[in-house]
Each structure stands twice: as structure tokens, then as C-alpha cells.
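One structure is given below, encoded as C-alpha cells.
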Amino acid sequence: MAKDALLDDLNAQQREAVLHCDGPLLVLAGAGSGKTRMITRKYAYLAKKKKIPLNSIFAVTFTNKAAQEMKERIAPFVDHDTKNLWLGTFHSQCARILRREIGILGYKGDFTVYDDDDQNSLIRHILRELNIYEALYKGVVSRISILKSHIISPEEFLAKGDGFSFDEKLGRAYLKYQHELKRCNALDFDDLIMLAVKLFEENPKILKKYAHGFSYLLVDEFQDTNRAQYRLMQLLASDHHCISVVGDDDQSIYYFRGADVGNILNFERDFPKAKIIKLEQNYRSTQKILDVSGCVIARNENRRGKKLWTDRGRGDAVTYSHLPNEEEEAKQLARTIKDLYLKGRFEYNDIAVLYRINLQARAVEDALREERIPYQVISGISFYQRREIKDVVSYMRLISNLEDNVSLRRIINSPPRGIGASTIGKIEQEAKKQGASMFRAMKSMLKAQNLAASFKEKISEFVSLIESLTRTQYKTAADMLKDVVEKSEYLNDLEEDRIQNILELVSSAESVQPRDFLDRAALASASDSVNAAKSVSLLTLHSAKGLEFPAVFIVGLEEGILPYFKAMDVPREVEEERRLFYVGMTRAKDQLFLSSVRRRRLYSKIQEQEPSRFLKDIPREHCNWIERNIERTGAASIAAKPVPMQPKSLYIVGCRVKHPSWGIGVVRDCSGEGDDTKITVNFPGVGLKRLAVKLANLERI
DNA sequence: CGAATTGAGTTTTTT
DNA sequence: ACTCAATTCG
């Protein structure tokens, strides 16, 4: 019975992938091929049939959200609480291991996790100290991140030293950065992976404990792993080689942050007896969508090659429009969306608009607002990155780790306490002299004789604030937060919406232990609101990964946008841009609309645009081509052409009607004339109804 | 120390 | 065009 539920609704390849448990396995899972279903079933199968204890399965996902979803889908199959499974992102799994084992590397188990923001401010601080031009910090941060994802320590990097000036500076900054992190008892995201690898490589006994303890390993979104993550899995698999990795080389779109498609392309080299299974049946899209996207991705050199198919039928044609400018593009898009909605085939939340760069959302937003179409922009800024949230979280971090100088610097003067750069400078000097944390230095400075009273007063106030907060043992993070907010008077003079955010944070912290809460704040993001409201989703091609929508629009298919101009001349990056386009197209279930424009305003310059090179790979017969030329025809004819004729009827699209039994509804579509008029009406709570006006006894309101 | 003005840069983003 | 951050002035 359990077996039936586990395997029955899987296709042959999915089943084979679930059943292959005795050696390395690489599953090449095409877009929409039921990958998540297969993985969750495999997890359940290992536990139920292979009798592997749940805490001996080590499973990695790409995001926390994916981990959460997987837990929910596993729950029905296992009679066990899924909360504490070894199932999470690389970062959270590594953090969990390091909390226990990091002592041997000279850190403390109560380390703080630094996010991007903290990383940036620490690097900038270091560049200032080393007299390196501070504006270079972005490059430095990303180079360091790449070094870490390749498991190259500062010492190794300096030793290799080509000695050229920038690399030499970079090396010194990296060395100091690692030193400062340690001094703050903090790890950045890349450290979590790198130090876990280091831990295992330098301590065979510990490795043995974990490699043996985890008797099966599962990795999802394998195409997005970086070298350090791959190395970690190799180490954990060194004992038994029971590892399944699942991914799609065609959907690798994170090279820019260290993901290495090589991991998927070379898996067999490192695991010679690996079994390879391709999942090629697509359950998401129509054949026409698969044809079009397949033609585009087929042109990439570096891929393993898959041929997706579906039994969903041909479906509607893919539409491509070439338009005069981005305003026209957005207008037409808004009209088409309205049309789809009024015809009753799609709700607004069935529809997504995808673009390469966030600023493209602007024109689309304007047009949707104009047409009164509800929409939501899914943007990258997460809740935890907002200033007020980071501030109060920094208080909590400082309280739980007094060595955290980065958090201290962040909050020492917010809310304003009259402690400015010069005061902070003095504290830093003193801390350096003593080889202690800044907080400790502040305390000792209070005892010194030679300092101004006003200076001491300000310092003393801050020190006693923090000390009063450290005295309490907080049961929950919410208690701690409330106390922080109250004693620091953080809410004074704060804008109302920011206060609301903080209240939201407090309520999310109820019944969470402070330590867990801080880890979550660092390792969590908040992009799970897609499809929540009944509105059109606007998002980048990157953030569309893993999602699906009945109708998808991809805008701005032009040279310079997709492929983006910075990637245009680098073949490897052009391949990634092509994959990005592919990911976008394969999000669509039923309808796909592509568009490009002739002229576009980008950073205040008006540019003549060429259609994207990727469009040339779509055979004309696969797709509806609509070109609208503005040059000679003029504006009037353009407005007239695409708007469908409105039947001259009592009932027009958008008006409200009353039906004797279904109540009040909104007319979404209208066809025929006179006595033959038929309308589609959406009655809330009842659904869509197609009615002949003559027979239906309707009343117009 | 804090507010106002001037100036450079401008993808994609999860942890 | 617009944002974010650094510099300058009160």
C-alpha cells in the first residue's frame, strides 16, 4: 500500500531514479519533468523501503523555501516530525555541523553569520584601514567570495602571488578580512561552506563520523552548486558513494556567483560508476512551447542534450511581437493580459511578466496601472535586508555576541546618540591596542582618566544599554526584541511603515529561540509571495526559476538586454544568457508571448535596438510573428488595429449584470450580435458562465 | 555632529 | 533618469 502511493504515479524514468539506491546517480531533469516529485519520493522510499533512519539522509536544496516545500511533501509518507531532518540549504546544513564542530578550527560555536550587508561594511572598513581605494569594495567582495568558493585561503592566494599590484592588495584585504571575521566571532556565507570543507579535510575522524552517519546523500539543483559545495559532497560521499544529484545543465543561470556547470558535466569523472537517468517527459508545457524553447537551447555548445516531450497536445501558438518602443510594448502587453482575463481563461495570478533587468518593470507597471490590472513586483529585496530590520537584528546579535564589531558599528549611533566617526575611530584604536573587541574597549575607556566627560557620558550610556540587555536570559526572540526596541528607544522618530515592519518582525519571533531566530534572519529570504494575491506577477528571469505560470510574457528580447550588453562578447556568458531565456520560456504552461522593441530608453539614452540573436533560432513556422512598424503608419492606425471590435450590445466587457440565481457578476467576454449575443460572466463564488443574452433573463446594473 | 549638495555608476541574486 | 554615497557647509 505504501509502495503503491510511493511509486504508482511515477513514470518509468522517475521510478528508475527512485529505485537506484546503491551507487552514485545523476538525474538530468528537464524543465517541468517532475523533478521535485521524484526527489521527495526517493526520500520517502529510502526511509520506508530501505529502512534508512531519517537522520541518516542528508538532503540539500537551493533555497529555504524549497527545503520547506520538500518537508511538506515528505511528511505524508513518513510518520515522523520533519522539522529536524537533515534537509536544508548547503548553508544551513553547514551551519548546523559547524555549531557543533567548529571549535577545532579556532572559532567558537556561538558564531554569528554575516550577510552581504555585513560583509560589505566590513570589507569597506578594511579597505579604508589598508588605504585601498574604498570604491573598489564591490570587486573585492566578489573576488573574495569566488576565492572562498574555490576553497583558496588568503595564505594560499598570497603565496601564489603573481605579485601584481591589485592581486597583492586583494590578498592583503582578504587576509585581514578573515582575521577580522575571526575576531568578531563571525562567519560569512562562503565561510560556512569553506570551513565545513576545511573541517572535514583536516580532521579525518570528524569526517568519518559524518560520512558514515549520513548513509545517503541527495542534492537538488545540482547545476547551481559551486566548487566548494561539490567538494563537500565528495567528502561526505567518500565512504559509501550513495549519492543522488539532480539538476538540469540547461537551467544553470548562476555562473556569476560561482555556480559551476562543470559539476554536472563532469560528474561521471569523479564518480565513475555513476548511473545517469534523464527525465525528459514534461508535465508543464504544451508541445509548441517545448518546440520553441527547444530550438533556442539546442544552440548551446556546452550541454548534455535532452529532448523534452509532452502528451499535453500542441497547444496555442507562441506569439512574438516587434514593437516601436517600450511604452508600446507594455501597452500591448497590458491589453493582451486584459483580454486573456476577460475571456475567462486566466486569472491575473496565472500570468507572469518576465524581464532581464529590474528597471524594465517600470514601463510594464505603468501600463498595467493604466489598464487597472492588479500586479505585484517580485523584487529581490528581502524583508530581513530592510534597514530597520537589520538594525534591531544587529542589537540582538551584539547582545548574543559582544565581539561582533560589525553589528556594534551599525547600531552604535542608531538611533542617534551623538556618537560619530571620530568617536568610533578612537574606540577602534583602543580596541586594536588592547587586542580586544570594541565593546570591551569602550568599557575600559570609561575607567580611563584622560578622556572628556561628554565623551565618557555618551559611551557610558551605550554600554549600560547593552549591558542591561545582556543581563536577561530571554526565552524567546520576541521577548528579546521587545526589550531591545523599548530600551534603545529605537521606535522614537521612526516612520510608521518602518514601525509596522518591526512589529511584524516581533510577531514572527514569537516562540522562537533567539539563536534559531538569528540564524534564520541571516540565512532566510522572503521571496515566497508569488501567486499569493490575485495579481499579475512581475519578476526577473532569474527569480522565475522554479516557478510556473499558465501564461508567460517575456519582454525586451533585444541585443543588449538579452543577452545583456556586458555578457554579449563572452561566449560562456552568452550561453548563460541563452539558458536564462530558456528558463523563462519553460515557465509557461499554456501561453507564451515574446516581444522586443525597436527603440529603447536605457539610462537616459535612447538606443536603436536589434532583436535578440536568440530569436533567430526560432523557425518562423513555430510562432506567430507580429511586426508593427510605427515609422510611416503613424500613431492613429496603431491604436485602431489591435483593439478588437466591440459589439454594439447592451452588454459590454467589464459591465456588471444580475442573474436570478447566481447573483451579480462581471462580464468578461462578449460575442455575436442582436439575439445571438453570448457573454461570458464571472459570478463570484459560482465561477465562469457562458450565457445567451436572449435566454438568460439578465439584468444590467 | 548632522543636513544639504554634488557626483559617479548603473545585471542577474541566494545564502 | 535616478539612486546611493561621499564631501562640504552650518
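Throughout, a chain's letter reflects where its sequence line sits, starting with A, and its residues are numbered from 1.
Cation-pi contact between Lys545(A) and Phe62(A): present, with separation from the ring centre below 6.0 Å and deviation from the ring axis of at most 45°.
If you measure from atom CG of Leu192(A) to atom C1' of dT14(B), you get 13 Å, rounded to the nearest angstrom. Distance, Gln360(A) CD to dA1(C) P: 19 Å, rounded to whole Å. Going from atom CG of Asp117(A) over to atom C1' of dC4(C) covers 13 Å, rounded to whole Å. For the pair Leu602(A) CG and dT3(C) P, the computed distance is 16 Å after rounding to whole Å. The CG atom of Asp220(A) sits 14 Å away from the C1' atom of dT14(B) (whole-angstrom rounding). Protein atom CG of Asp118(A) is 13 Å distant from nucleotide atom C1' of dT15(B), rounded to whole Å. Separating the CG atom of Asp366(A) from the C1' atom of dA1(C) is a distance of 14 Å, rounded to the nearest angstrom. Separating the CG atom of Leu98(A) from the C1' atom of dT15(B) is a distance of 14 Å, rounded to the nearest angstrom.
Counting non-hydrogen atoms under 4.0 angstrom, Phe62(A) reaches the backbone sugars and phosphates but no base. Residue contacts for Ile419(A): at a heavy-atom cut-off of 4.0 Å it reaches the sugar-phosphate backbone alone, with no base atom in range. Nucleic acid contact for Asn413(A): sugar-phosphate only, since backbone atoms but no base atoms lie under 4.0 Å from a heavy atom of the residue.
In this structure, the side chain to side chain contact (heavy atoms under 4.5 Å, CB included) partners of Arg99(A), at least two apart in sequence or on a different chain, are Phe111(A), Val113(A), Arg515(A), Asp519(A). Here Arg231(A) pairs with Glu201(A), Gln234(A) under the side chain to side chain donor-acceptor pair (under 3.5 Å) rule; sequence neighbours left out. Tyr255(A) meets the ring-ring contact (aromatic ring centres under 6.0 Å, His included) test with no other residue; sequence neighbours excluded. Residues forming a side chain to side chain contact (heavy atoms under 4.5 Å, CB included) with Leu359(A) (at least two apart in sequence, or on another chain): Ile357(A), Leu602(A), Tyr603(A).
Checked by atom type, the side-chain pair Asn185(A)/Asp110(A) shows a donor-acceptor distance below 3.5 Å.
Counting only residues at least two apart or on different chains, no salt bridge (charged side-chain N to carboxylate O under 4.0 Å, His left out) pair has a member in residues 415-427 of chain A.
Rounded to whole Å, the separation between the C1' atoms of dT14(B) and dT3(C) comes to 24 Å. If you take atom C1' in dT12(B) and the same atom in dA5(C), they sit 23 Å apart, rounded to whole Å.
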What are the atom names and distances for every N/O pair under 3.5 Å that joins the protein to nucleotides 10-12 of chain B?
unit_1	atom_1	unit_2	atom_2	d
dT11(B)	O2	Arg356(A)	NH1	3.3
dT11(B)	O2	Arg356(A)	NH2	2.5
dT12(B)	OP1	Asn358(A)	N	2.7
dT12(B)	OP1	Asn358(A)	ND2	3.1
dT12(B)	O4'	Arg356(A)	NH2	3.1
dT12(B)	O2	Arg356(A)	NH2	2.6

